Every structure is written in C-alpha cells, then in structure tokens.
Number of protein chains: 2
Amino acid sequence: MTPKEKHDFTKERLLNEAEALFAQKGYDAVSVRQITAAAHCNLAAVNYHFGSKQNLYLEVFRARWVPRARRLQEYFGKFFAAQDSHSPTTVAKSLAEAFLIGPLSDEERQRHHQLMARELGQPTEAFELVAEQVMRPFIKGLAETLRSFMPEGQGEERLMLNILSMFATVLYFSFAHMAVTRITGREYDAAFKARLVEHITEFSVKGLGGIEKGALL
Amino acid sequence: MTPKEKHDFTKERLLNEAEALFAQKGYDAVSVRQITAAAHCNLAAVNYHFGSKQNLYLEVFRARWVPRARRLQEYFGKFFAAQDSHSPTTVAKSLAEAFLIGPLSDEERQRHHQLMARELGQPTEAFELVAEQVMRPFIKGLAETLRSFMPEGQGEERLMLNILSMFATVLYFSFAHMAVTRITGREYDAAFKARLVEHITEFSVKGLGGIEKGALL
DNA sequence: GTTTGTATCAAACGATCGTTTTAAAGTCAA
DNA sequence: TTGACTTTAAAACGATCGTTTGATACAAAC
C-alpha cells in the first residue's frame, strides 16, 4: 500500500468516524482522541490531514453530508417522476419516501438528520454551506413544482411554511428516533417506517392540498 | 440579607444562567466556570449547591423545565376550554397558541424548546423525568380528548402519530428559530408568530380532522 | 462570648482538551 | 544510493476541564 493510498484511507476513516461521533454526541462532546482511536490512527492525524478539529467538522459536511443530501434529492426526483400523476400529495409522498426510506441505511439516515438537527438548532459555519448548496436550491425547486398546483400570485409565504413543516415532521421522526421509540413503544422496523411514510404523506396533504387547484377547503 | 436568603439567590441565579447556557450551547459546550461567571458567584458554588455539573443539569429540568411545561399545559387547557366549540381544529389551534405564543417570553420559549430538542435527539437521564412527568400525561390527555371525535376503537396509533407530528411542527419553528429566519428572511415578530399559529393549525387539521366524525376524507 | 452551621472565596488538584513538535518510516525520482 | 517528500508515531505543549480543599465571613443558638 502506497503512502498516498494509506493517506487517503486514513483521511476517509477519520471522516467516517468523525461524522458518526459528531452526529451521535455533538461537536463539543467528542474529543480528537476519541475520533482518532475510532479511526485506528494517531492523535496527530486530525491536525495533519484537516488542520484542526473545527475544520474536520466542516469537511464532514463538505465531503459527506452534502453529497449524501444530493443523493437524497436525486432519489426524490426519480421517485416523484415515476409517479403516474403529479399533485401536492405525490410531492409529499415522495419526500417522505426519500427521507424516511430512500437510498440510505438506517444508520446513515440517522447520522444525516442528527447533524442537520444540530445545525438547525445552533447554526455554525457548516449551516451556511448546507443552506446555500443544498437547502435553498431544493426548497426553490419544490416551491416551483408546487406553485403549478396553486392559484397564481397567491401564498408564496404559505408555500414556504408548508414546505418547512413537511421537513420538520420528516426530520423529527428521524432525529428523535430514540425518544419516539420510548414514547410509543414501537421499533423502527420496515413496517413502522412504511407506516410513517403513509402518515406523513397524509398529515402533510392538508397544508399542501389546501393550495391544490380546486381542492376542497 | 441572611445566609439562607443569599444561598437561595445564588442557587436560583445558577439555575437560571445554567438553563440559558445549556439551552444555547448544549451541556458539553458549557463549562462550570462560564455558568458561575454568568451567575456572578464562585466557581465552587455549583458543586456546593448541586454536587456536580451533571446534577445541576438535572436540577434545571426539575426546578425550571418541568414547572414551565406545567404552566404551558395549564395555558393550553384554559385556552381550549375557552373556545366556543370543541373539535380537532380547536385542539390544534390551542396547542399552537400555547406553545408559540402562550405565557412565555420569546427567550423563555426558545430555552424551553431547545432543551427539549436536545433531549429528544440525545436522551439523557433528564428525558426520563420529562417523559414520565410531563409528556406521557399530556399526550394521554390529548389522546382522550381527541378520541371523542373519532370512530370508536379505530386508529389509536394514528392518533399518537398525529399528536407527535403536531409537536414536531411546533417544536421545529421554535428550536430552529435562527435557521428559519435565515432561510425565510422573516423575523419572529408578533405578526409572524400569529401567522405561524394559523399555519400550524391549518397544517395539522388534516391529520386530526381525518379522524373527525363525519369529516370529509 | 462562644459555638455551630451555612455560604462564599481563592487556590489548587489531577485529568483531559486541542494542538505542536520532533523523529521515524515509507515511497518515489534522480 | 541518495535526497526529497508524504504519512505516521510518540511525546510533550499550554490551556482548560470538573472537582476538592481549607480558610474566612457571618448570622443564629446557646
């Protein structure tokens, strides 16, 4: 194994372990020593490869979180396009499907949403990255899609609130995974996740459906 | 000022400042020195009055969070009782009203929801306290109220999911305050908060309304 | 006036933090 | 084989962490 390959592997192991630990415990609760121990490398590796702990955190978003978010958005796009009809309901269903089942493993999904939730509650420099490169374009696209189902020039703000509420619900059932399990007594097996998709779709339809052409109010 | 009074004041200042800092930055990101500096008392005061930093955190929930949650629930109960008719819609409206406007100052509300969000994402011993003493009884009461509007013996799980989704939405718009402002460009003034209550009520009605007797599906 | 108990204080404890240094091990080109 | 360069390693840096100690101030009890 060449040094360059070893280098790359070490760097990637650090990114993986760092992301898992940051998602699980938060930035301050994780030490560089924990990360390097989990990645089976030397303590100094973080500062050698990333310059600082803070920059490793940012790189986790640049190299892991943002690409994964793009994969999620792609999955959503394809799932939505595959629906035989398009309406606010199918938008909601596709979103729930992508974010709660989708292409990610359970562990990956929870990492993803926990990191997002931490940045939502206490934005750092990483939030700028995520907001500009991922959230804004995706929300903009969603809004354009949904706008075609509503009367013209009406309720741009309402549209935004509904989109945010959908994300809120989806995010909640991922990042509060453990708490939901403890409150409801239900495990997150395939059946329950499918049930959640159904629920979130239905729950979201009113907000979106209220802006559907000719929908009953 | 007697020692006992001085003691009490110090202890309460510690609880106040600790809660604010824990909510704002999280447990690990706050040092005992920061807390005692903010409370204008000696470093040793935390261990003298509370035994440890960890126990101070727990005491924040016992002495501050839980009582405030009870005030919120009382406010909800009175607001709901004051409605001239009762339906899933008025339940949703009362919840949004209590949690987004209600009896709390903006700062208090954000503290409250940020602490809750942190425990939801990463439950500690404090979550047991909150779940048993606050969440379970409140959710149980809500479920009983809502059950009277739905067909018998149907959708107990659906009821739970809808209640959780309502809390998810309400929580989101409080704890992600800063992020929502940066994404939407809207400040959380009185007008926007009233708009949020209206939105959340409407957004939640489908899930709850779907179980309303004779509701249109 | 002495004792008792409570609260606060400065100071220091050992442990751990993020980071830096210095040396060693390795590959690759010349 | 030499020299340049990249990566890993052990050790130590100063700073800060949560906690403990011992002294001091002071009101209340006797």
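Quick caveat, the model's predicted, so the values are computed rather than measured. Within every chain, numbering begins at 1; the chains are lettered A, B, ... in the order of the sequence lines, protein sequences first and strands thereafter.
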Nearest-Å distance for atom pair NZ/C1', residues K11(A) and dT7(D) = 12 Å

inquiry  = I want to check one thing: is the phosphate of dG18(D), taken as OP1 and OP2, less than 4.0 Å away from some side-chain N or O of S52(B)?
reply    = no

note = note: N47(B), atom CG; dT20(D), atom P; distance rounded to Å ~ 6 Å

Where at least one partner belongs to residues 175-185 of chain B, residue pairs that pass salt bridge (charged side-chain N to carboxylate O under 4.0 Å, His left out), sequence neighbours excluded = E128(A)-R182(B)

task = State which of dT19(C), dA10(D), dC9(C) makes the closest approach to the side chain of N42(A).
result = dA10(D)

query = Using 30° and 60° as the class limits, which term best fits the ring planes of F138(A) and F76(A): parallel, tilted or perpendicular?
reply = perpendicular

ask   = dA7(C) C1' sits how many Å from H49(B) NE2, rounded?
value = 6 Å

request  = Pull out every residue in residues 22-41 of chain B that has a heavy atom closer than 4.0 Å to any atom of DNA chain D, ordered by number, or say none.
outcome  = V30(B), S31(B), V32(B), R33(B)

inquiry  = Which residues pass the side chain to side chain contact (heavy atoms under 4.5 Å, CB included) test with P103(B), not counting sequence neighbours?
reply    = L72(B), Y75(B)

task = Taking only the side-chain heavy atoms of L43(A) (C-beta and beyond), determine which of dA11(D), dT8(D), dA11(C) contains the nearest atom.
result = dA11(D)

request  = Please identify each residue that fulfils side chain to side chain donor-acceptor pair (under 3.5 Å) with E119(A), with sequence neighbours left out.
outcome  = Y57(A), T124(A)

query = Between dT21(C), dT19(D), dT21(D), which one does the side chain of A44(A) approach most closely?
reply = dT21(C)

ask   = Listed by chain and number, what are the side chain to side chain contact (heavy atoms under 4.5 Å, CB included) partners of T184(A), not counting sequence neighbours?
value = V180(A), R186(A), M160(B), L164(B)

message = Nearest to the side chain of K53(B), heavy atoms from C-beta on, is which of dT8(D), dT19(D), dT6(C)?
response = dT19(D)

request  = Whole angstrom is fine here: how far is it from CG in L21(A) over to P in dC17(C)?
outcome  = 12 Å

request  = Quick one: list whatever passes side chain to side chain donor-acceptor pair (under 3.5 Å) with R64(B), sequence neighbours left out.
outcome  = N16(B)

request  = Return the value, rounded to whole Å, for the distance between atom CZ of F50(A) and atom P of dT19(C).
outcome  = 13 Å

task = Mind calculating the distance between CG (L14(A)) and P (dA9(D)) to the nearest angstrom?
result = 11 Å

task = Quick one: sort the F167(A) and F99(A) rings into parallel, tilted or perpendicular, breaks at 30° and 60°.
result = perpendicular

query = Which part of the nucleic acid, if any, lies within contact of A45(A), taking any heavy atom under 4.0 Å across all strands shown: a base, the sugar-phosphate backbone alone, or nothing?
reply = nothing

task = Starting at atom OH of Y48(A), determine the distance to atom P of dT7(D), rounded to an integer number of angstrom.
result = 4 Å

